[in-house]
Amino acid sequence: MALVSDFRTKVLDVVSQIKVGETLSYGEVARRAGSPKAARAVGNILNKNFNPQIPCHRVIRADGQVGGYNRGGKAKIRRLKQEGAKLVFGLTSAKV
DNA sequence: CATTTGACGCCAA
DNA sequence: TTTGGCGCCAAAT
């Protein structure tokens, strides 16, 4: 009953496990959720399930980009910087 | 029920 | 190195 869809629940669970200052990529979350190729699905799930309990803003792309955010990528970056996450630099990946 | 979209990821040109 | 295209999964329409 509690299982709406294994993936959805698992993804939300994994994301909620992210600690402060840590950032996971969609691919990583997808892999933990049980499907290493469901990175797209992960983004979709988070996008339609913005749970205040889940730090979806700590989930970024594998390229190092922040990706997107229901509130706007800017807000996401802001939140990550505020928590001390290793953000490259805004939206443009400044590959040092 | 089938099709389209979407916060991605990786390979090829 | 950069840009483009394909592949994969789930949810929405």
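First the proteins, then the strands, lettered A, B, ... as listed; each starts at 1. What you see is a predicted model; the values in this text were computed from it and never measured. Just so you know, these numbers use all the heavy atoms, side chains as well, and skip hydrogens, waters and symmetry mates.
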Novice: What pairs of residues pass the side-chain hydrogen bond (donor to acceptor under 3.5 Å, both in side chains) test when at least one of them lies in residues 42-53 of chain A, not counting sequence neighbours?
Specialist: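 Qualifying pairs: A:R8-A:N49.
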Novice: My understanding is that only residues two or more places apart in sequence, or in another chain, count here; which of them pass salt bridge (Lys or Arg N to Asp or Glu O under 4.0 Å) with A:R61?
Specialist: A:D63
Novice: Does B:dG9 have OP1 or OP2 sitting under 4.0 Å from an N or O in the side chain of A:R61?
Specialist: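 True: A:R61 side-chain N/O within range (under 4.0 Å) of B:dG9 OP1/OP2.
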Novice: In this structure, how many angstroms lie between the C1' atom of B:dA7 and the CD1 atom of A:I54, rounded?
Specialist: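 Going from A:I54 (CD1) to B:dA7 (C1'), I get 14 Å.
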Novice: Can you name the nearest heavy-atom pair linking A:R32 to A:K10, along with the distance?
Specialist: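 The answer is O-CE, 4.0 Å.
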Novice: Would you mind building the protein contact string for nucleotides 7-13 of chain C? One character per nucleotide, 5' to 3', B for base within reach (heavy atoms under 4.0 Å), S for sugar-phosphate only, - for untouched.
Specialist: BBBSSS-
Novice: Could you run down the sub-3.5 Å N/O contacts of the protein with nucleotides 11-13 of chain B?
Specialist:
none

Novice: For Watson-Crick and G-U wobble pairs within 3.5 Å on both distances, what is DNA chain C written in dot-bracket notation, | included for inter-strand pairing?
Specialist: .||||||.|||||
Novice: Which pairs, with at least one residue in residues 21-41 of chain A and sequence neighbours excluded, count as a ring pair (Phe, Tyr, Trp, His ring centres under 6.0 Å)?
Specialist: none
Novice: Residues in side-chain contact (heavy atoms from CB on, under 4.5 Å) with A:A38, at least two apart?
Specialist: A:F7, A:A30, A:S35, A:A41
Novice: Looking at residues at least two apart in the chain, or sitting in another chain, which of them share a side-chain hydrogen bond (donor to acceptor under 3.5 Å, both in side chains) with A:D6?
Specialist: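 A:D6 satisfies side-chain hydrogen bond (donor to acceptor under 3.5 Å, both in side chains) with no other residue.
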Novice: Tell whether A:Y26 reaches the base of B:dA7 with its side chain through a donor-acceptor pair below 3.5 angstrom.
Specialist: yes
Novice: Could you point out which residue of A:T23, A:V66, A:L46 forms a side-chain contact (heavy atoms from CB on, under 4.5 Å) with A:V59?
Specialist: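 Only match with A:V59 under side-chain contact (heavy atoms from CB on, under 4.5 Å): A:L46.
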Novice: When you measure from the side chain of A:K76 to the backbone of A:R71, do you find a donor-acceptor pair of N or O atoms at a distance under 3.5 Å?
Specialist: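 Looks like no, no N/O pair under 3.5 Å.
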Novice: Under 4.5 Å side-chain heavy-atom separation, chaining through any Ile, Leu, Val, Met, Phe, Trp or Tyr, what else clusters with A:F50? Say none if it is isolated.
Specialist: A:Y69
Novice: Taking the side chain as every heavy atom from C-beta outward, state whether A:L80 and A:R58 have any pair of such atoms under 4.5 Å apart.
Specialist: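 Yes - at least one pair of side-chain heavy atoms lies under 4.5 Å apart.
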Novice: Expressed as a whole number of angstroms, how long is the span from A:L80:CG to B:dA7:C1'?
Specialist: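 Whole-Å distance recorded here is 13 Å.
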